[in-house]
Amino acid sequence: MSVVVRFAPSPTGFLHLGGARTALFNWLYARHCGGRYLLRIEDTDRLRSTPEAIAAILEGLRWLGLEGDEPPVFQSERFPRHLEVAARLLAEGRAYRCWCTPEELEEMRARARAEGRPVRYDRRCRARPPDYVRPGVRPVIRLAVPTEGETVIEDLVQGTVRIANAQLDDMVLVRGDGTPTYMLSVVVDDHDMGITHVIRGDDHLTNAFRQLQLYRAMGVEPPAFAHIPLIHGPDGAKLSKRHGAVSVLEYREMGFLPEAMRNYLVRLGWSLGDREILTTEEMIAHFDIRDVGRSPARFDMDRLLHVNAHWLRQKPAEELVRLVEPFLARLGLVLDETGRRRLLDGMAELVVRARTLVELARGARVYVAPRPLAVDPRAAKFLDGANRGRLARLRAVLAEVDAWEPARLEEVCRAFAAREGLAFAKVAQPLRAALTGTTVSPPIFEVMRVLGREEVLARLDDAAAGRNPALQHAP
RNA sequence: GUCCCCAUCGUCUAGUGGUCAGGACACCAGCCUUUCAAGCUGGAAACGCGGGUUCGAUUCCCGCUGGGGACGCCA
């Protein structure tokens, strides 16, 4: 049997990390099995579904490389089919009209809760004759589920889970306004789309029992279920907005790489021995939904940063330049030919100091920012009167250096420090401040190499003359 | 309240009826060093508790505790 899976987000918000991981697991399972991975937009709640959310979700999936193998199915376009199934169930006596008002249901629930009974619909309308009518009320259609016995699910992740049918509700299939509910739509669509494996968050586990009853009522074979644990925040509660960024697109803005996101996400609940770093090919080769653990994982930003730093370093310099350009633009920096050349040349020493593209852009200003360089407060302290004079003397020496390469430059600078009666560090830090505008940078002779003699001399002139403005915004 | 799920270092996890319980992130120390990183070396750090079963339980069973999830004419 060929595997068909789907990712089915409801477009009431953005694609969050949990959804992204669910999509990833579906995608990996399909790729591993040589099956198909489909997308379905669950927009049955017309009031809360928005085009913006649909666009954001698809964009998030595109960024992560988890687009569907076929164009997405929009659930709302399949209403007629859903209603047709409901009508059939009604005709067959497997479903019935319920004339209870929301107020009555609320009262029912309140009383059940107060008395410590399960909070369920009491099925009072189930026994009414088919021609019963209650004036002024638009009935809903409910599924008549067994009240005795138990329902068992052989979940690929959760194992055998059983629940007493008394715990089940006669769920609403069609609302009073005649529109189908999620419960009905999901089952009909999964069946019609030929879904063989439903892989989703374990917040849906209890729904699965109800849905199983619907499959039976429809007389069709249910898919296999795999309910994966949710991602929790650092405090252990279900990941939500109060934990900070949850939309995957925010992670793109923070300078994370899609391959790093996939690598981080897949290791939450799934592992391959001791392996922490995995290529997408390796994931596909080894992933099995059956190996996913049952305990929920907490989101850990430090770990994500570490994984991202790793994948950043795998990239060739050319690609990093391309990737960092938009982040430079945000800092108000435009890449001209000189900046591009320097960035490419100095990238190796920049990337080991960055965990994200945002940090990379920050480090890149040394090669990209125009003269006279803005200087941050800490660097400014190194550019006092005494040091300016010293930098002017050093400038004269550097102007005459025979070979402009790091080892030679270091020799010359060390000799200069000795002549000034100073430890080398006392010369290096002011030099760094003048050349980079900061106190943190790649090795100073590397910076000089990349910048070239002319630019170095010009920056020293700026510093000696006190031309550098203060950096306006903290880098 | 009812039902369901979970439980190995702070975090992500590996693992076994007998292991020095392994790795990674984070943390600490040292080396390197012109700053910051990276890198290297070392360190601290876990089987929630109580009962069983067993020659022997982190591992199997039960209970407890703790955590999470679901209980909508939301999805």
Side-chain angles (χ1 to χ4, degrees), chain A residues 8-12 42-45 47-49 75 98 100-102 105-106 109 112-121 138-142 155 157-159 161-164 166-169 171-179 181-183 185-186 201-207 209 227 229-230 232 234 236-238 264 267-277 293-307 309 313 349-355 359 363 378-379 410 413-414 417 423-429 431-433 436 438-445:
Chain A
S10 67
T12 53
E42 311 235 303
D43 54 347
T44 50
D45 184 345
L47 288 174
R48 296 199 306 157
S49 300
Q75 199 155 58
C98 168
C100 296
T101 64
L105 292 171
E106 189 40 55
R109 280 191 278 266
R113 207 176 287 267
E115 293 171 13
R117 288 181 290 111
V119 182
R120 300 277 115 68
Y121 172 61
R138 303 200 54 185
V140 301
I141 297 175
R142 287 182 185 272
D155 193 282
V157 170
Q158 303 287 332
V161 187
R162 48 186 74 226
I163 191 174
Q167 293 294 329
L168 264 28
D169 225 345
M171 61 184 175
V172 174
L173 265 21
V174 179
R175 301 187 184 97
D177 67 1
T179 59
T181 62
Y182 158 80
M183 284 289 182
S185 298
V186 137
D202 69 7
D203 50 340
H204 282 285
L205 183 58
T206 53
N207 287 334
F209 293 96
H227 288 91
L230 268 16
H232 289 183
K238 189 160 110 170
Y264 174 73
R267 284 287 289 102
L268 258 32
W270 181 80
S271 68
L272 185 58
D274 280 347
R275 301 287 306 282
E276 303 292 345
I277 298 297
R294 270 182 280 186
S295 58
R298 300 184 187 208
F299 176 75
D300 181 359
M301 183 59 105
D302 281 329
R303 200 179 173 78
L304 211 208
L305 283 167
H306 176 260
V307 173
R313 282 174 216 166
E349 287 293 337
L350 290 177
V351 75
V352 294
R353 289 169 172 74
R355 295 176 299 177
E359 291 180 358
R378 272 193 286 202
E410 179 163 0
C413 288
R414 284 190 183 275
F424 177 58
K426 295 287 186 190
V427 171
Q429 273 308 78
L431 182 57
R432 186 186 316 281
T436 72
T438 72
T439 52
V440 173
S441 80
I444 197 63
F445 302 113

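Here the structure is a predicted model, which is why all the values come from computation and not from measurement. Below, read A as the first sequence line, B as the second, and so on, with proteins coming before strands; counting in each chain starts at 1.
- Picking from B/rA75, B/rC73, B/rA24 the nucleotide with the shortest atom distance to the side chain of A/His306 gives B/rA24.
- Note on A/Thr44: a side-chain N or O is less than 4.0 Å away from OP1 or OP2 of B/rA75.
- With B/rA26, B/rA75, B/rC36 as the choices, the nucleotide that has an atom nearest any side-chain atom of A/Thr181 turns out to be B/rA75.
- A/Val161 comes within contact range of the sugar-phosphate backbone alone, with a heavy-atom separation under 4.0 Å but no base atom that close.
- Here A/Arg294 reaches the OP1 or OP2 of B/rC6: one of its side-chain N or O atoms lies under 4.0 Å away.
- Residue A/His227 and nucleotide B/rG69 are not classified as a stacked aromatic pair, given the requirement of ring centres less than 5.5 Å apart at an interplanar angle below 30°.
- A/Arg432 and A/Thr436 form no side-chain donor-acceptor contact under 3.5 Å, judged by distance and modelled atom types alone.
- The pair A/Glu276-A/Arg267 counts as a salt bridge, with a side-chain nitrogen and a carboxylate oxygen less than 4.0 angstrom apart.
- Listed nucleotides: B/rC74, B/rG72, B/rG10. Nearest to the side chain of A/Arg175: B/rC74.
- Between A/Arg267 and B/rU13 there is no side-chain polar atom (N or O) within less than 4.0 angstrom of OP1 or OP2.
- Distance check on atom C1': B/rG18 versus B/rU54 gives 12 Å, rounded to whole Å.
- Here the nucleotide nearest the side chain of A/Val140, chosen from B/rG72, B/rC73, B/rC25, is B/rC73.
- When heavy atoms are screened at a 4.0 angstrom cut-off, A/Arg298 is found touching the sugar-phosphate backbone but no base atom.
- Checking the phosphate oxygens (OP1, OP2) of B/rA14, a side-chain nitrogen or oxygen of A/Ser271 falls inside 4.0 Å.
- Remark: A/Arg303 fails to qualify as a cation-pi partner of A/Tyr264 under the 6.0 Å distance and 45° angle criteria applied to the six-membered ring.
- The shortest distance between side-chain heavy atoms of A/His227 and A/His204 falls below 4.5 Å.
- Counting atom types as modelled, A/Arg48 pairs a side-chain N or O with a base atom of B/rC74 as donor and acceptor under 3.5 Å.
- Residue contacts shown for A/Thr179 are absent, as no nucleic acid heavy atom lies under 4.0 Å away.
- Within 4.0 Å (heavy atoms only), A/Gly176 reaches at least one base atom of the nucleic acid.
- Ring geometry for A/Phe445 against A/Phe424 counts as parallel: the plane angle stays under 30°, on a 0 to 90° scale with 60° as the upper cut.
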